[in-house]
Amino acid sequence: MNGKALQRWRKENGDYTHRVNYDLNEDSIVFDVGGYKGEWAKLIADKYDSNIFIFEPIPEFYNNIKKEFEHNPKVQVFNFGLSTSTQQTQFYLNKDSTSQYHNHKNRGRPVNVELKDFKEVFKSIDLLKLNIEGEEYPLIQYIIDEDMIGKIDNLQVQFHEWVEDSPEKRKTLHEALSKTHELTYNFEFVWENWKRK
């Protein structure tokens, strides 16, 4: 993560300000892709009572999230990730750095997971949150290429700096996203949000 951006993020208490301040209500559709512990989804559920769909491919994380929301029918939890195609693959388990990329600096033990094509579950989305450890680059490009981006009101994403050529890839996506969306906050390689124009 970018050190200066992370300092600013912490100073502004971004996890409890920027990341949860949206024009949402009980009818809104929220996708949490990369649910991990479900903490962000819980903040959104408590604040807005929205319809939340959590996608978490790691069984251990999925089971914990499922238990957390077992009494909330408006939160649905799925034990698969979202990607550019449907496939079985391996992730490398290491807490919040769990990733499918072999070259990830924090590679952990391998876990078999299921990914589904984003198009299989896509619908109009009020808020799409992506924290998927490097897969955000191809997935966002796929969403743009397949003309799904116009039905996403807000895209909250954590771009990961350890991905090869990440500054160039991020810049390319910024240029593409700026055609339909505008940045509402931007903490480089920490968190940023794109709102539909």
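If you're wondering where the values come from, they're calculated on a predicted model, not measured in any experiment.
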Trainee: How far apart are the closest heavy atoms of T84 and P138, and which atoms are they?
Mentor: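 Shortest heavy-atom separation between T84 and P138 comes out as CG2-O, 3.5 Å.
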
Trainee: List the steps and the verdict of side chain to side chain contact (heavy atoms under 4.5 Å, CB included) for K169 and V163.
Mentor: CA-CA 9 Å; K169 289 178 178 177; V163 173; 3.8 Å; yes

Trainee: Side chains of F78 and I54: closer than 4.5 Å at any heavy-atom pair?
Mentor: no

Trainee: How far apart are the C-alpha atoms of H18 and F187, what are their side-chain angles, what is the distance that settles it, and do they pass the side chain to side chain contact (heavy atoms under 4.5 Å, CB included) test?
Mentor: CA-CA 10 Å; H18 300 297; F187 295 77; 3.6 Å; yes

Trainee: D126 versus Y22: any side-chain heavy-atom pair under 4.5 Å?
Mentor: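 No - every pair of side-chain heavy atoms lies 4.5 Å or more apart.
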
Trainee: Does any donor atom in the side chain of D145 or Q141 lie under 3.5 Å from an acceptor atom in the other side chain?
Mentor: yes

Trainee: Assess, by modelled atom type and distance only, whether the side chains of W194 and E192 contain a donor and an acceptor separated by less than 3.5 Å.
Mentor: yes

Trainee: Give me the atom names and distance for the closest heavy-atom approach of G38 to F69.
Mentor: O-CZ, 3.7 Å

Trainee: With the threshold set at 4.0 Å, does a side-chain nitrogen-carboxylate oxygen contact exist between D15 and R19?
Mentor: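 Salt bridge present between D15 and R19.
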
Trainee: Is a side-chain donor-acceptor pair under 3.5 Å present for S83 with E135?
Mentor: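 Yes, side-chain donor-acceptor contact under 3.5 Å.
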
Trainee: So, taking the atom named CG in L155 and the one named CD1 in I144, what distance separates them when rounded to the nearest 0.5 Å?
Mentor: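 Spacing of CG (L155) from CD1 (I144) equals 8.5 Å.
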
Trainee: If only atom types and distance count, is the side chain of K42 paired as donor or acceptor with the main-chain N or O of E68 below 3.5 Å?
Mentor: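 Not a single qualifying donor-acceptor pair exists.
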
Trainee: Above 12 or not: heavy atoms from other molecules or residues under 6.0 Å from CG of D23?
Mentor: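 Check fails, neighbour count at 12 or below.
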
Trainee: For residues V113 and P57, report the shortest heavy-atom separation together with the two atoms involved.
Mentor: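 Shortest heavy-atom contact: CG1-O, 3.6 Å.
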
Trainee: Is it the case that the side chain of D49 and the backbone of A45 share a donor-acceptor pair, with hydrogens and angles ignored and the cut-off at 3.5 Å?
Mentor: no

Trainee: State, yes or no, whether a side-chain contact exists between N131 and V33 at a heavy-atom distance under 4.5 Å.
Mentor: no

Trainee: Centre of Y137's six-membered ring, under 6.0 Å away, within 45 degrees of the axis: is that where NZ or CZ of R170 sits?
Mentor: no

Trainee: May I ask you to test the W40-D32 pair for a side-chain heavy-atom distance under 4.5 Å?
Mentor: yes

Trainee: Rounded to the nearest 0.5 Å, what's the gap from OG on S50 to CD1 on I44? Could you check?
Mentor: 7.0 Å

Trainee: Give the minimum heavy-atom separation between E136 and V157, together with the two atoms involved.
Mentor: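 That would be CB-CG2, 4.0 Å.
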
Trainee: In terms of heavy-atom contacts, does CZ of R8 have more than 12 from other residues, nucleotides or ligands at under 6.0 Å?
Mentor: yes

Trainee: Short question: side chain of E56, backbone of I58 - any donor-acceptor pair under 3.5 Å?
Mentor: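 Answer holds: yes.
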
Trainee: So does Q158 get a backbone contact from the side chain of H160, meaning a donor-acceptor N/O pair under 3.5 Å?
Mentor: yes

Trainee: Please report the shortest heavy-atom distance between K74 and N51, naming the atom on each side.
Mentor: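 K74 and N51 have their closest heavy atoms at CE-OD1, 3.3 Å.
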
Trainee: When rounded to the nearest 0.5 angstrom, what distance separates CG in N63 from CG in N79?
Mentor: 7.0 Å

Trainee: Are the side chains of I152 and F122 in contact, using a 4.5 Å heavy-atom criterion?
Mentor: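 Of all side-chain heavy-atom pairs linking I152 with F122, at least one is under 4.5 Å.
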
Trainee: What I'd like to find out is whether the side chain of L130 reaches to under 4.5 Å of the side chain of Q156, using heavy atoms alone.
Mentor: no

Trainee: Report yes if the side chains of L82 and L115 come closer than 4.5 Å at any heavy-atom pair, otherwise no.
Mentor: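 No. Closest side-chain heavy atoms not under 4.5 Å.
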
Trainee: Taking the side chain as everything from C-beta on, heavy atoms only, tell me whether I143 gets closer than 4.5 Å to F118.
Mentor: yes

Trainee: Taking only Lys NZ, Arg NE, NH1 and NH2, and the carboxylate oxygens of Asp or Glu, determine whether K195 and D153 approach each other closer than 4.0 Å.
Mentor: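 Salt bridge between K195 and D153, a charged N being under 4.0 Å from a carboxylate O: no.
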
Trainee: Can we call the ring centroids of F159 and F189 under 6.0 Å apart?
Mentor: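 Judged by ring-centre distance (under 6.0 Å), F159 and F189 do not meet the cut-off.
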
Trainee: Within a reach of under 6.0 Å around NZ of K171, are more than 12 heavy atoms found that belong to other residues, nucleotides or ligands?
Mentor: no

Trainee: Which distance, rounded to the nearest 0.5 Å, do you find between the CD of E133 and the OH of Y36?
Mentor: 9.5 Å

Trainee: Hey, is NZ on K197 packed in by over 12 heavy atoms from elsewhere, all under 6.0 Å?
Mentor: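 Counting neighbours around NZ of K197, more than 12 heavy atoms of other residues, nucleotides or ligands fall under 6.0 Å, so yes.
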
Trainee: Any side-chain to backbone donor/acceptor pair from S166 onto W162? Under 3.5 Å, distance only.
Mentor: no

Trainee: To the nearest 0.5 Å, what is the distance between CD (E182) and OG1 (T180)?
Mentor: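 Output value for this atom pair is 10.5 Å.
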
Trainee: With a 3.5 Å cut-off and no angle check, do the side chains of K129 and N154 form a donor-acceptor pair?
Mentor: no

Trainee: Please find the pair of heavy atoms, one from I52 and one from A41, that lie closest to each other, and give the distance.
Mentor: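 For I52 versus A41, the nearest heavy atoms are CD1-O, 3.5 Å.
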
Trainee: Do Y185 and E12 get their side chains close enough for a donor-acceptor pair, meaning under 3.5 Å?
Mentor: no

Trainee: Does one side chain, of D117 or T86, offer a donor that lies under 3.5 Å from an acceptor on the other?
Mentor: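 No, no side-chain donor-acceptor pair sits under 3.5 Å.
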
Trainee: Rounded to the nearest 0.5 Å, what's the gap from CG on N186 to CG on N193? Could you check?
Mentor: 10.0 Å

Trainee: How far apart are the C-alpha atoms of F53 and V121, what are their side-chain angles, what is the distance that settles it, and do they pass the side chain to side chain contact (heavy atoms under 4.5 Å, CB included) test?
Mentor: CA-CA 10 Å; F53 301 82; V121 299; over 6 Å; no

Trainee: Is a side-chain N or O of K47 found less than 3.5 angstrom from the main chain of N25, in a donor-acceptor match?
Mentor: no

